[in-house]
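Written below as structure tokens is the structure these notes are about.
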Amino acid sequence: MADIICIIGNKGGTGKTTLSHMLCQGLGLLGQRSVCVLTDTHREPLDPADRRYLIADARSREALAKVTEKIRSLKAWLGVIDGGGNRTEMDRRLYGLADLVLLPFRDSHEDIRTVIRDLEMFPRAYAVPTQWPTNAWQREAAEKAVAELLAPYRDRILEPVFSLSASKLLLQKQIPASLPTPLANACRAVAHQVIDLLQLPVEEATPVQGIARNAANGPRPAAAAA
């Protein structure tokens, strides 16, 4: 049975969608078959061509139920659900069905205050510093804020996902046939953290051929053959 990872959080603009696609790309690079599930009604499904994962459209309640049921029926797959922002009730629903919950947050006190509330609301969730500054002094300030404000939750904070301009390539309707090496490395790093948490085996893989699926049918296992 497949595991389901939900990327949620009450605040918008924290990088949930970017993290979802980076995670799926990284999982593909590490030999894991995955599906990136869209639930945000303000976004359009992306083209699955040249991605190492499938895309599923689950922007309605009925579609989400069908897609998650389909994913659960697949052996050795991972479903990554992009929960969108400012949807507390949806977050609660996704938390209830997830095997692993990630809460992205950026280096602002507002984001940190919000992720503290979410960590309290979702006690099985992990916080993920995203779009983290690479400038030395900015990074130092961000780390200091986390150390001071998130100290009670330090065992539930994952390694940062650093700001990388190339990450926006994954959110294009169609992505380039090849992606920059720094982006691939960042995707792998994200995926390794999740694989470690779920205690999954790791195996480098050849590209997965994605096939666009409608929400009613969900992803097909055969579509992930390299």
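What you are looking at is a predicted structure, and each value in this text was computed from that prediction instead of being measured.
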For I8 against G83, the heavy-atom pair lying closest together: CG2-CA, 4.3 Å
Test item: V80 and S20 side chains (from C-beta on) under 4.5 Å apart, heavy atoms: yes
N/O donor-acceptor pair under 3.5 Å between K66 side chain and A63 backbone: no
Nearest heavy-atom neighbours spanning V115 and A127: CG2-CB, 4.0 Å
Closest contact, heavy atoms only, D57 versus P45: OD2-CG, 3.5 Å
Donor-acceptor contact present, side-chain D118 to main-chain N10, <3.5 Å: yes
Inter-residue atom distance R51.CZ - L179.CG, 0.5 Å rounding: 8.5 Å
Donor-acceptor pair, side chain of R59 and main chain of R43, under 3.5 angstrom: yes
Shortest non-hydrogen separation from P201 to I195 and the atoms involved: O-CG2, 4.4 Å
Minimum side-chain heavy-atom gap F162-S167 below 4.5 Å: no
Check: Q32 and Y53 side chains under 4.5 Å, non-hydrogen atoms: no
Min side-chain heavy-atom separation S73-K70 under 4.5 Å: yes
Main-chain N/O of L38 paired to D82 side chain as donor or acceptor, under 3.5 Å: no
Interatomic distance, R93 atom CZ to L64 atom CG [nearest 0.5 angstrom]: 4.5 Å
Ion pair check, E140 and K144, cut-off under 4.0 Å: no
Main-chain N/O of A2 paired with R72 side-chain donor or acceptor, under 3.5 Å: yes
K75 atom NZ: more than 12 heavy-atom contacts under 6.0 Å: no
Y126, OH: over 12 other non-hydrogen atoms inside 6.0 angstrom: no
Side chain to side chain, L150 and F105, heavy atoms closer than 4.5 Å: yes
Gap between atom CD of Q138 and atom OG of S163 - 0.5 Å precision: 9.5 Å
Atom pair CG (L27) and CD1 (I5), whose distance is rounded to the nearest 0.5 Å: 6.0 Å
Derivation of the side-chain contact (heavy atoms from CB on, under 4.5 Å) call for T88 and M121: CA-CA 10 Å; T88 302; M121 187 182 302; 4.2 Å; yes
Distance in Å, L94 CG paired with E89 CD, rounded so as to fall on 0.5 Å steps: 11.5 Å
Donor-acceptor contact present, side-chain S34 to main-chain L78, <3.5 Å: no
Close side-chain approach of D3 and L100, heavy atoms under 4.5 Å: no
Backbone N/O of L54 and side chain of R33: donor-acceptor pair under 3.5 Å: no
F122 side, atom CZ; L103 side, atom CG - distance, nearest 0.5 Å: 7.0 Å
Smallest separation among heavy atoms of I112 and A145, with atom names: CD1-CB, 4.0 Å
Derivation of the side-chain contact (heavy atoms from CB on, under 4.5 Å) call for R188 and L30: CA-CA 7 Å; R188 283 191 187 93; L30 297 177; 4.2 Å; yes
Any donor-acceptor pair under 3.5 Å from R139 side chain to W132 backbone: no
Within 6.0 angstrom of Q172 CD, more than 12 heavy atoms from elsewhere: yes
side-chain contact (heavy atoms from CB on, under 4.5 Å) between T39 and R87, intermediate numbers included: CA-CA 11 Å; T39 67; R87 299 194 296 175; 2.8 Å; yes
K16 side-chain N/O to L102 backbone N/O, donor-acceptor pair under 3.5 Å: no
Heavy-atom donor-acceptor pair, R154 side chain to A151 backbone, under 3.5 Å: yes
Flag side-chain contact, heavy atom, 4.5 Å: L171 against T18: yes
Heavy-atom side-chain proximity of V194 to L198 below 4.5 angstrom: yes
R61 atom CZ, neighbour heavy-atom count above 12 within 6.0 Å: no
Where A56 and V67 come nearest, the two heavy atoms and their spacing: CB-CG1, 3.9 Å
